[in-house]
Amino acid sequence: MNIRVNPESLNQSRRTGGPAAVTVAFGDGIGPEIMKASLAVLIAGGAQIEIEPIDIGERVYKSGHSAGITPDAWDSLRRTKVFYKAPITTPQGGGFKSLNVTIRKSLGLFANVRPCVAYAPFVKTDHPGMDVVIVRENEEDLYAGIEHRQTDEVYQCLKLVSRPGCEKIVRYAFDYARAYGRQKVTCFVKDNIMKLTDGLFRKVFDEVAAEYPDIEADHAIIDIGAARLAAKPERFDVIVTPNLYGDIVSDIAAEVAGSVGLGASANIGAQCAMFEAIHGSAPDIAGQDVANPSGLLMAGVMMLVHLGQTEAAERIHNAWLCALEDGVGTPDIAAEDAAVGTQQFAREVIARLGQRPKTLAPVSYEPDARPIEVWTPQPKPKALKRLVGIDVFVHSNEEPDALAGRLQACLNPLTELKMITNRGVKVWPDPMPETFCTDHWRCRIEAKPEKALNKAMLVEILRNMVLDGVDFVKTEHLYEFDGERGYSLGQGQ
Ligand code: NAD
């Protein structure tokens with residue numbers, strides 16, 4: 001292992017020794033019972049932690065905090081920098097923001113790390129050799145939550161991808177691979193369609209991969225990549241991918257491993273980290289003492305590794321593997337006659353502390369393991385940015401020819417209407433009669449060759465449109481950066 005340390009990411013216990021303060025949320029539904037069971041195992045296994053309980057989730061939402069968390073809870077999280085979280089219930093209906101998204105973004109938890117491991121033959125799976133880690137970007141992409149309704153018929157969601165965001169997650173994936181002795185990192189994107197946003201992720205991946213010649217780098221388009229992950233997960237090692245794809249493929253991978261109830265995840269930032277099970281609050285089985293605490297317990301093991309308590313992490317992880325090997329499990333994984341309740345399962349794991357599995361591979365964590373250093377974005381020289389046009393999005397039920405005529409009358413002699421698209425497909429000039437059109441038109445106006453454009457001219461053109469009653473609902477400037485086009489062409493352009 002070769003793990004570098006970022007002092008900012010250290011919990012107080014790292015700096016001073018002694019028990020680590022950890023913020024703990026017992027959550028909703030099965031949360032309290034699986035947290036109770038998990039903490040019992042962690043403490044019996046030698047975890048040195050001091051718990052700061054906080055209340056989050058359904059009750060907090062309903063008491064008027066729209067994000068499901070109170071200011072006191074934020075204070076605890078900022079103080080301890082480590083969050084051990086049971087699942088919560090997001091109330092149905094409008095007005096409630098996703099607590100997970102709020103926490104991830106507010107605390108800068110940019111990396112979601114989810115190991116997906118098969119435990120055959122003790123947990124049923126078609127892929128006994130599977131051992132994949134999904135590293136999902138956690139802050140950007142379509143999860144920016146910037147959505148608008150623009151016309152009667154059309155709604156949009158903005159996909160935002162930044163170079164520092166890509167570089168942080170891609171470097172983290174390669175550093176993770178090095179630290180945990182993994183051989184290959186595969187990038188999943190859809191850069192054949194989203195050439196700028198996913199193209200940037202892929203470009204950064206290729207640049208960073210060149211700095212890690214000891215790790216094999218590979219890519220796949222997300223659709224075929226996800227299909228292969230489902231069919232032949234043994235082919236993959238570490239997968240790095242943007243937020244939405246990561247959300248989907250990490251659930252596929254957990255399901256394929258046969259162990260959604262066993263899955264754990266770490267959400268890592270430069271300063272804070274959050275550890276949780278991948279499943280939800282399972283209200284259908286809450287309070288019955290049947291929920292599997294394994295996902296949350298394994299998240300606790302990841303937390304102990306993060307805290308540098310690797311001896312306890314190793315002891316607990318191996319004891320848990322022994323319990324699986326002995327056929328001990330909650331009803332979701334064990335044979336009917338061998339199933340035990342949530343708290344009894346914890347006691348069975350505790351009874352095996354100090355043992356090592358015989359069939360499953362025992363785990364070992366290096367004694368001096370440290371959190372992986374989070375790369376700090378480096379300032380890049382600013383590109384030379386040149387305004388070359390504007391896309392004006394118009395709400396209209398006119399035919400494209402009529403709309404084009406009206407727009408052309410609003411232009412100045414230095415500019416021209418280059419095209420009109422409808423949902424990205426060119427419909428003017430030369431429309432195809434088969435193309436289905438909505439009431440939302442993207443009208444591309446560009447400077448004529450050799451002519452310079454400025455924002456005052458654009459404002460004048462838009463003013464003319466207002467006077468002519470053109471109902472524009474949004475504009476996007478077209479720029480070149482160091483002479484390179486910073487916008488996509490229309491389909492068919
Ligand atoms: P879920 O994961 O809670 O449950 C899906 C199915 O899996 C259910 O049949 C459930 O009984 C079973 N299951 C889940 N965890 C289990 C466990 N540990 N042991 C045994 N069986 C288990 O998903 P859902 O029903 O779609 O969501 C329920 C609530 O959880 C919703 O309010 C949702 O918003 C929330 N949720 C929270 C988180 C989180 O806090 N991280 C994540 C996902 C969903």
Side-chain angles (χ1 to χ4, degrees), residues 23-39 41 54-62 66-69 73 77 83-105 107 109 112-114 119 123-124 134 136 138 143 243 246-248 250-255 257-267 273-300 302-303 320 323-324 328-336 339-346 349:
T23 302
V24 172
F26 284 76
D28 300 315
I30 59 170
E33 48 198 298
I34 59 172
M35 182 55 90
K36 181 179 166 205
S38 299
L39 286 174
V41 178
I54 59 166
D55 205 11
I56 56 166
E58 202 171 18
R59 276 184 309 281
V60 180
Y61 276 116
K62 289 185 173 163
S66 67
I69 183 163
L77 289 170
F83 188 18
Y84 190 33
K85 174 180 165 290
I88 57 138
T89 301
T90 309
Q92 296 293 317
F96 300 114
K97 286 192 234 149
S98 161
L99 177 59
N100 269 348
V101 175
T102 304
I103 291 174
R104 284 172 192 163
K105 289 193 170 188
L107 298 181
L109 308 180
N112 186 318
V113 181
R114 190 184 281 192
Y119 300 102
V123 178
K124 202 170 158 295
I134 312 285
R136 163 189 169 194
N138 230 0
Y143 287 67
N243 207 342
D247 196 358
I248 297 166
S250 57
D251 271 19
I252 293 175
E255 186 76 26
S259 59
V260 174
L262 312 184
S265 77
N267 293 269
M274 172 171 86
F275 302 87
E276 62 179 344
I278 65 173
H279 57 74
S281 58
D284 53 330
I285 56 166
Q288 299 172 24
D289 192 41
V290 292
N292 191 341
S294 297
L296 189 59
L297 178 62
M298 286 301 103
M302 292 172 91
M303 177 178 75
W320 176 75
L324 290 189
V328 177
T330 41
D332 54 313
I333 56 167
E336 208 173 314
V340 296
T342 309
Q343 306 310 322
Q344 181 59 25
F345 181 74
V349 176

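Heavy-atom basis, side chains included; hydrogens, waters and symmetry copies ignored. Counting starts at 1 for both ligands and their atoms, in listed order. These numbers come from a predicted model, not from an experiment. Count residues from 1 along the sequence.
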Within the 4.0 Å heavy-atom cut-off around ligand 1, the contacting residues, ordered by chain and number, are Ile30, Lys85, Pro87, Ile88, Thr89, Thr90, Asn100, Glu276, His279, Gly280, Ser281, Ala282, Pro283, Asp284, Ile285, Ala291, Asn292, Asp332
Would you check if the side chain of Asn138 reaches a backbone N or O of Leu109 as a donor-acceptor pair within less than 3.5 Å? yes
Consider only side-chain N and O atoms of Arg114 and Ser250, and report whether a donor and an acceptor are under 3.5 Å apart. yes
Quick one about Asn100 and Ser98 (side-chain donor to acceptor, distance below 3.5 Å, no hydrogens or angles considered), yes or no? no
4.5 Å side-chain heavy-atom contact, Tyr143 and Asp247: yes
Spell out, as yes or no, whether a donor-acceptor pair under 3.5 Å connects the side chain of Glu336 to the backbone of Pro331. no
All heavy atoms of Ala266 vs all of Met302, minimum pair found to be CB-CE, 3.7 Å
